[in-house]
*Asks:* 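For reference, the structure I am asking about is given below.
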Amino acid sequence: MRPLRVILAALLSLATACALAAAADLKERPFDAERAYRDLVQQCEFGPRVPGTDAHARCAQWLAEQLRACAEEVALRSFTVPVRGKPLPLTNIEATFNPDGKPHLLLCAHWDSRPTADRDPDPANHAKPIAGANDGASGVAVLLEVARALKATPPKQRITIALFDGEDYGPGLQDMFLGSRVFADQHREQAFEWAVLLDMVGDSELRIAPERISLQEAPKVVHRIWSAAERAGCKAFDREKGPAVMDDHVFLLQNGVPCIVLIDFDYPHWHTIADTPDKCSPDSLAQVGRALLRAIAEDEAEH
Ligand SMILES: [Zn+2]
């Protein structure tokens, strides 16, 4: 029995040594929490990013400008979707880093905000648009800062950042997730190795649990991100199962993209006029940003 134990011990120490070597090779990409928070505030300052409004158009230009300063390729893809018999003009924004790299990863969020505060406790507010600090701006703010980190230390992989429009148009589900449906259709031939959607990741009391559809359809991606988050010391990530949430990732999953959503659905200001920047924190954005950057670096060390 002894030789076997010796061999096992030797193998174990070899594995530990490999893990340490891999950790040492990881590219460190810093995440500026305060700058990410300022980007969240900036998006809200344009006003509600409701498709068809001036605020929406100005924010699209600003987002494209931020991404053009970082990525090799930036495209604004405009299209219309019929909503209640009328064409609704929408724009997805796509940025690509290292277009010749492999594998191809996808990071995404929705950049529009909801035209109706239909969950507001005061019915007089139901027809008003929301600021969408958490529901919209938070995921985008994290991705803008990730984009800057990728600019400073370019990735080995090809990485696409996609900002979807029309996620929250509604009010019914049939008129939501409009941009991601079009994106999924346009990128049918793209073999994304893994993909992560961010939505409502700015809550100052952030707790992210594995979302059920993600866990069922893309368990390896959930494991990859949670393991990276734990190794990066991101305490907001909890292993206890969360609820199933209908979101943009479902349309990517339907087209064969292993996409998970990071979302904290326990947010009392969801779809109310109180979804404002004061409910969000720089630290929460950083928890998610650092987990993503760690997952990218670990993936990089594997290839
Ligand atoms: Zn929403």
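Atoms within a ligand are numbered from 1 in the order they appear, just like the ligands themselves. Any value given below was found using the heavy atoms of this structure, including those in side chains, with hydrogens, waters and symmetry copies removed.
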*Asks:* Between the Zn ion (ligand 1) and His271, is there an N, O or S atom separated by less than 2.8 Å?
*Replies:* yes
*Asks:* Do Arg207 and Asp203 meet the salt-bridge criterion of a basic N to acidic O distance under 4.0 Å?
*Replies:* no
*Asks:* Picking from Lys27, Arg158, Lys102, Lys156, what satisfies salt bridge (charged side-chain N to carboxylate O under 4.0 Å, His left out) with Glu300?
*Replies:* Lys27
*Asks:* Over 60° means perpendicular and under 30° means parallel, so classify the ring planes of Phe183 and His187, tilted if in between.
*Replies:* parallel
*Asks:* Determine which of the N, O or S atoms in Asp168 is closest to the Zn ion (ligand 1) and give its atom name.
*Replies:* OD2
*Asks:* So, for Trp270 and Phe265, is the gap between ring centers shorter than 6.0 Å?
*Replies:* yes
*Asks:* Between the Zn ion (ligand 1) and Asp135, is there an N, O or S atom separated by less than 2.8 Å?
*Replies:* yes
